[in-house]
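Within every chain, numbering begins at 1; the chains are lettered A, B, ... in the order of the sequence lines, protein sequences first and strands thereafter.
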Number of protein chains: 2
Amino acid sequence: MAGQQLDSKSEQTKALVLETALRMFRSKGFAKTTMRAIATEAGVSLGSAYYYFASKDELVLELYRESVAEQRAAASKALDGVSGLSDRLKVALRAGVDALTPYHGFGGTFISSALPPQSATNPFGEASSQAREDAVGIFSEVIDGAKVPQFLRAELPELLWLAYMGVVLFWVYDRSENQRRTRTLIDGAAPLIAKLIAFSRLPVVKPLVEEALALKAKVRS
Amino acid sequence: MAGQQLDSKSEQTKALVLETALRMFRSKGFAKTTMRAIATEAGVSLGSAYYYFASKDELVLELYRESVAEQRAAASKALDGVSGLSDRLKVALRAGVDALTPYHGFGGTFISSALPPQSATNPFGEASSQAREDAVGIFSEVIDGAKVPQFLRAELPELLWLAYMGVVLFWVYDRSENQRRTRTLIDGAAPLIAKLIAFSRLPVVKPLVEEALALKAKVRS
DNA sequence: TCCAAAAGTTGAACGTGTTCAAAAGTCGTG
DNA sequence: CACGACTTTTGAACACGTTCAACTTTTGGA
């Protein structure tokens with residue numbers, strides 16, 4: 001009768017399963033949320049859930065994508081009006097871990113399904129290339145508003161993203177309340193990295209950095 | 001009749017299960033080796049295997065320990081007669097990934113059970129502290145035979161171990177034949193790190209390094 | 001309208017890691 | 001030997017992720 005929704009029934013069901021899964025992941029953690037429970041809670045059969053998502057990991061991949069989008073949005077907003085590489089970096093890194101905070105409880109299971117090379121969620125892999133580009137984009141934004149040496153500019157977003165991956169790894173293991181240690185790390189590392197980048201122009205340092213960049217290119221394949 | 005073995009029956013059974021498991025892990029990979037298959041192959045019941053090893057992960061932990069011991073032994077031997085920080089570092093890193101080579105096939109499953117914070121195998125965790133000390137010790141050996149700035153000396157083994165963890169992470173994802181790219185990385189990174197350490201004495205660089213060390217201490221807890 | 005092909009749905013079944021109560025073996029002591 | 005406390009062994013049972021053949025619903029063209 002009424003205008004048909006643009007979303008087909010199928011898309012609605014898929015979205016329903018996904019939403020249910022993400023909600024349950026957040027509230028009970030990844031390991032404790034079973035596919036059966038997701039299906040039951042969403043009001044579909046187990047097989048139906050698998051019709052839309054080939055594996056439990058694939059649902060985590062969606063969680064990862066969503067989280068990266070949040071991170072990027074939060075970082076963009078937070079970067080507004082902030083100047084200076086150190087502060088911009090700090091803001092972006094903070095926005096990143098802030099967006100991750102709800103998932104810290106199951107960081108272990110998260111990383112264990114996110115890191116394996118053959119996993120769909122693996123941040124270096126094919127399936128998540130979109131999300132990775134998004135994440136690297138955050139750091140493009142960071143340096144767009146800052147003064148950085150020209151010879152580094154092209155490589156910096158990826159390098160900073162790599163540093164961010166390191167921060168995330170640290171965060172996963174951070175057992176301090178509210179991940180205080182990770183925030184300490186960010187606040188300390190941001191100015192350090194900024195200084196390092198500034199120094200990379202200096203005659204003593206520049207050859208070293210150039211050598212590192214050459215190695216990075218050489219190793220890439 | 002003959003003199004009784006020192007190992008009690010219990011210890012023999014435990015060793016038998018472990019050896020069987022490691023052999024099967026190596027030949028068929030971690031995921032494809034089931035606990036039932038291990039038990040059957042070892043001639044014990046499934047429950048018995050679990051009597052000695054609380055989980056499949058615990059068996060991997062043994063694999064990890066064994067591998068670290070191999071790495072250390074290989075590195076020690078290889079370091080003999082090699083001088084210069086760059087070469088010593090290169091030799092140690094190469095020995096490290098060489099010892100890991102047999103496991104590259106199931107690097108994915110390895111890392112996915114090795115990295116989660118609550119996992120027994122997690123290299124930063126409690127259960128593997130012995131293995132970690134062993135691994136850090138390799139890099140103590142590396143710098144024992146080399147000239148390094150005094151103010152860095154105490155922190156270097158752990159920092160180099162951290163760099164090594166990065167290399168291992170790269171190695172896990174390295175799909176090139178024979179992990180050629182990882183070896184390229186090692187050969188390029190070793191002299192770079194050595195130069196970086198040498199440069200850390202310079203007036204421009206030293207404050208930066210000291211700041212980094214201070215941050216490391218601050219973040220530690 | 002009708003029908004065949006496609007899309008979606010179902011729950012039983014498989015193989016897995018893990019648990020556990022019960023049975024069997026071992027050992028020191030009277 | 002006998003007995004009790006222990007260590008060790010066993011395999012059935014559980015919950016899980018995943019697969020699949022059968023079933024039902026939707027779709028689009030004649």
Side chains of Phe139(B) and Leu159(B) in contact at under 4.5 Å (non-hydrogen atoms): no
pair Leu59(A)-Ile38(A): side-chain heavy atoms closer than 4.5 Å: yes
Distance below 4.0 Å between Ser48(A) side-chain N/O and dG8(C) OP1 or OP2: no
Check ion pair [X]-[Y] (N to O, under 4.0 angstrom):
X         : Y         : result
Glu158(B) : Arg132(B) : no
Glu62(B)  : Arg65(B)  : yes
Arg26(A)  : Glu66(A)  : yes
Arg183(A) : Asp98(A)  : yes
Glu41(B)  : Arg23(B)  : yes

Listed nucleotide nearest any side-chain atom of Val44(B), set dT10(D), dG8(C), dT9(D): dT10(D)
Residue Ser45(A), side-chain atoms from C-beta onward, closest of dG11(C), dT10(D), dG8(C): dG11(C)
For [X] and [N], what is the distance between atoms [atom1] and [atom2] respectively, to the nearest whole Å?
X        : N       : atom1 : atom2 : answer
Leu16(A) : dG8(C)  : CG    : P     : 15 Å
Tyr51(A) : dG11(C) : OH    : P     : 17 Å
Phe25(B) : dG17(C) : CZ    : C1'   : 12 Å
Tyr52(A) : dA7(C)  : OH    : P     : 11 Å
Lys14(A) : dG8(C)  : NZ    : C1'   : 13 Å
Lys28(B) : dG15(C) : NZ    : C1'   : 13 Å

Short heteroatom pairs, N/O only, protein and nucleotides 22-24 of chain C, under 3.5 Å:
none

Cation-pi check, Lys56(B) onto Phe30(B) ring (under 6.0 Å, within 45° of axis): yes
Test item: side-chain donor near acceptor, Tyr164(B) and Gln71(B), under 3.5 Å: yes
Check: Ala194(A) main-chain N/O paired with Ser86(A) side-chain donor or acceptor under 3.5 Å: no
Main-chain N/O of Leu63(B) paired with Ser67(B) side-chain donor or acceptor, under 3.5 Å: no
Per-nucleotide protein contact string for nucleotides 12-17 of chain D (B base, S sugar-phosphate only, - none; heavy atom under 4.0 Å): -B--BB
With the criterion being N/O to N/O and under 3.5 Å, what pairs connect the protein with nucleotides 22-25 of chain D, and how long is each?
none

Estimated bend of the helix from dT1(C)-dA30(D) to dG30(C)-dC1(D) (axis per five terminal pairs, rounded to 10 degrees): 20°
Contacts of Phe170(A) that satisfy side-chain contact (heavy atoms from CB on, under 4.5 Å) - sequence neighbours left out: Asp174(A), Arg181(A), Thr182(A), Leu185(A), Val219(B)
Atom pair CZ (Arg88(B)) and CG (Leu160(B)), whose distance is rounded to the nearest 0.5 Å: 12.0 Å
All side chain to side chain donor-acceptor pair (under 3.5 Å) counterparts of Lys32(A), not counting sequence neighbours: none
Touch class at under 4.0 angstrom, heavy-atom based, for Phe53(A) against every strand present: nothing
